[in-house]
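Nothing here was measured: the structure is a model prediction, and the numbers come from that model. Nothing fancy with the numbering, it's 1 onward along the sequence.
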Amino acid sequence: MLKTIVIGACGQIGTELVLKLREIKGAENVIAADLKVDCPEVLKGGPYCKMDILDETLVREYIIENEIKEVYLLAALLSATAEKNPDFAWKLNMEGLFTILNLAKEKHIDKIFWPSSIAVFGPTTPRDNTPQYTVMEPSTVYGISKLAGERWCEYYHAKFDVDVRSIRYPGLISYTSLPGGGTTDYAVDIFYQAKLNVPYVCYLKEDTSLPMMFMEDAIRATIELMDAPKAAVKIRSAYNLSGCSFTPKELASEINNYIPDFKISYAPDFRQAIADSWPKSIDDSAARKDWGWKENYSTSELVKVMIENVNTDLLK
Ligand code: SER
């Protein structure tokens with residue numbers, strides 16, 4: 001079995017991706033790598049490596065020496081955090097990608113997954129049912145880095161036949177690990193507050209609609225895209241991907257079906273402008289056509305599973 005590494009394994013996507021890949025490929029074949037010195041409990045079932053993606057020498061040596069053939073590069077600063085630290089966000093989000101793309105160009109790696117985001121779109125993009133190909137003028141550091149990254153992925157594929165695959169993830173909703181630093185994080189935080197029986201103060205306005213997806217769907221999409229035959233993957237920038245869309249008010253009302261006393265209020269901050277620059281819903285017909293994508297979770301299904309599974313001990 002070929003060796004796989006997930007860099008940024010302790011993050012919201014990484015944790016669940018490692019667990020799923022270990023189930024499929026065998027725990028010993030999937031290395032979790034992250035900045036954290038100690039391996040978190042949930043990832044202890046397989047190999048762990050402390051890795052700083054900005055340490056190019058170490059990353060190169062580790063991947064070459066361990067004959068790792070598949071890389072999932074998830075280490076990044078998300079939209080809200082990146083606005084507070086633009087220089088570092090640009091460095092982290094771009095340099096790590098080049099290190100991995102170059103390893104593939106030199107034929108050390110066979111296949112790369114690198115996530116893009118709905119943040120590649122901007123205020124001049126059509127916001128409803130946003131097409132795969134459209135105006136893209138992102139107004140956030142994170143969005144600029146993801147759009148630049150997409151262009152480089154396509155370039156490395158065209159010029160050097162690098163097999164890199166990518167998805168423009170919407171906001172991701174999960175209960176295994178917490179999100180960090182994104183504009184869509186409210187849609188996870190809200191469940192913890194609801195379960196703690198405390199009112200939630202939302203940093204977005206009640207009618208802010210954003211594309212969202214349950215993590216199980218996102219992980220399945222990622223693995224399906226990586227398993228698709230090379231020729232089927234026609235888009236080498238990143239695929240639009242849609243799950244569901246909702247506003248904070250709609251989400252709170254779904255939660256009220258389970259916790260009738262739950263209350264939400266609104267105090268928009270700097271993240272409102274970011275959300276206002278992003279699509280409300282996404283046209284993902286290319287992903288459906290090229291590699292057979294179909295989501296499983298609607299908003300109400302996602303809310304049901306979150307209410308059943310969110311464990312507030314994770315906040316400790
Ligand atoms: N969830 C991400 C964010 O809010 C979007 O990719 O930054």
Side-chain angles (χ1 to χ4, degrees), residues 12 78-84 117-130 137-143 168-175 178-215 217-218 240-284 295 297-310 312 314-315:
Q12 192 199 8
L78 294 191
S79 59
T81 321
E83 288 309 296
K84 298 196 163 146
S117 158
I118 52 165
V120 292
F121 300 113
T124 51
T125 303
R127 295 188 67 205
D128 291 302
N129 216 18
T130 301
E137 297 183 317
S139 52
T140 62
V141 176
Y142 177 64
R168 292 171 183 152
Y169 286 132
L172 298 179
I173 315 299
S174 66
Y175 57 80
L178 296 168
T183 300
T184 56
D185 292 9
Y186 91 84
V188 176
D189 300 341
I190 192 171
F191 287 98
Y192 289 86
Q193 303 308 313
K195 279 225 150 172
L196 289 167
N197 286 318
V198 285
Y200 183 61
V201 183
C202 184
Y203 55 77
L204 296 180
K205 289 188 208 154
E206 64 175 29
D207 58 351
T208 310
S209 182
L210 286 169
M212 301 280 186
M213 180 176 282
F214 187 52
M215 187 61 87
D217 270 348
N240 274 10
L241 197 73
S242 172
C244 52
S245 283
F246 52 76
T247 66
K249 190 176 176 188
E250 286 161 355
L251 184 58
S253 141
E254 289 280 351
I255 293 174
N256 280 141
N257 292 333
Y258 300 88
I259 308 174
D261 293 341
F262 173 65
K263 297 240 168 346
I264 185 166
S265 59
Y266 303 92
D269 67 12
F270 73 100
R271 288 168 281 194
Q272 184 65 47
I274 300 178
D276 287 342
S277 77
W278 288 354
K280 294 179 180 172
S281 59
I282 297 286
D283 172 3
D284 62 359
E295 78 288 352
Y297 286 85
S298 64
T299 306
S300 50
E301 285 159 340
L302 160 171
V303 169
K304 180 170 186 287
V305 182
M306 287 297 284
I307 293 283
E308 281 166 4
N309 287 286
V310 159
T312 52
L314 214 59
L315 300 174

N/O donor-acceptor pair under 3.5 Å between N256 side chain and F262 backbone:
yes

Full working for side-chain contact (heavy atoms from CB on, under 4.5 Å) between E254 and F246:
CA-CA 10 Å; E254 289 280 351; F246 52 76; over 6 Å; no

Do you know which two heavy atoms are closest between S245 and T299, and how far apart they sit?
O-OG1, 3.9 Å

Flag the pair Y203 / T208 as yes when at least one side-chain heavy-atom distance between them is below 4.5 Å, and no otherwise.
no

Treating K195 as the side-chain partner and V310 as the backbone partner, does any N or O pair qualify as donor plus acceptor under 3.5 Å?
yes

Quick one: are L314 and Y175 in side-chain contact, heavy atoms under 4.5 Å?
no

What one should report as the nearest heavy-atom pair of A267 and V201 is CB-CG1, 3.8 Å

Within-4.5 Å side-chain heavy-atom neighbours: N257 and V303
no

State which residues pass side-chain hydrogen bond (donor to acceptor under 3.5 Å, both in side chains) with Y297; sequence neighbours excluded, sorted by chain then number.
E216

Side-chain heavy atoms of M213 within contact of Y169, under 4.5 Å
no

Give every residue pair that meets the salt bridge (charged side-chain N to carboxylate O under 4.0 Å, His left out) criterion with at least one member in residues 271-283, sequence neighbours excluded.
D269-R271

Would you compute the distance between atom OG1 of T184 and atom CH2 of W278 and round it to the nearest 0.5 angstrom?
6.0 Å

Are a donor atom and an acceptor atom from the side chains of S79 and T183 found within less than 3.5 Å of each other?
yes

On a heavy-atom basis, the closest approach of Y200 and D189 is OH-CB, 3.7 Å

Which heavy atom in G243 sits nearest to a heavy atom in E295, and how many Å separate them?
O-CG, 3.7 Å

Between G182 and D185 the two heavy atoms that sit nearest each other are N-OD2, 3.0 Å

Any heavy-atom pair between the side chains of Y142 and T81 that's under 4.5 Å?
no

So CG of N240 and CD1 of I118: to nearest 0.5 Å the spacing works out to 10.0 Å

Is there a side-chain contact between P170 and I282 in this structure, where contact means two heavy atoms from C-beta onward sitting under 4.5 Å apart?
no

Answer yes or no: is there a side-chain heavy-atom contact under 4.5 Å between P211 and S281?
no

For Q12 and L172, indicate whether the former's side chain and the latter's backbone hold a donor-acceptor pair under 3.5 Å.
yes

Once salt bridge (charged side-chain N to carboxylate O under 4.0 Å, His left out) is applied, do any residues pair with E250, and if so which ones, sequence neighbours excluded?
none

Under 3.5 Å: donor-acceptor pair, side chain of D217, backbone of F214
no

Tell me, with the steps shown, if N309 and F191 meet side-chain contact (heavy atoms from CB on, under 4.5 Å).
CA-CA 10 Å; N309 287 286; F191 287 98; over 6 Å; no

OG on S242 to CZ on R168, rounded to 0.5 Å:
13.5 Å

In this structure, CG of L302 is separated from CD1 of I173 (nearest 0.5 Å) by 5.5 Å

Worked verdict on T247 versus L204 for side-chain contact (heavy atoms from CB on, under 4.5 Å)
CA-CA 9 Å; T247 66; L204 296 180; over 6 Å; no

What heavy-atom pair brings I264 and A252 nearest, and what distance separates the two atoms?
CG2-CB, 3.6 Å

Could you tell me whether the side chain of K304 reaches within less than 4.5 Å of the side chain of Y258, counting heavy atoms only?
yes

Please lay out, stage by stage, how Y266 and Q272 fare under the test side-chain contact (heavy atoms from CB on, under 4.5 Å).
CA-CA 11 Å; Y266 303 92; Q272 184 65 47; over 6 Å; no

Does V141 offer a backbone N or O that forms a donor-acceptor pair with the side chain of E83 under 3.5 Å?
yes

Is a side-chain donor or acceptor of D261 paired with a backbone partner of N197 at a separation under 3.5 angstrom?
no

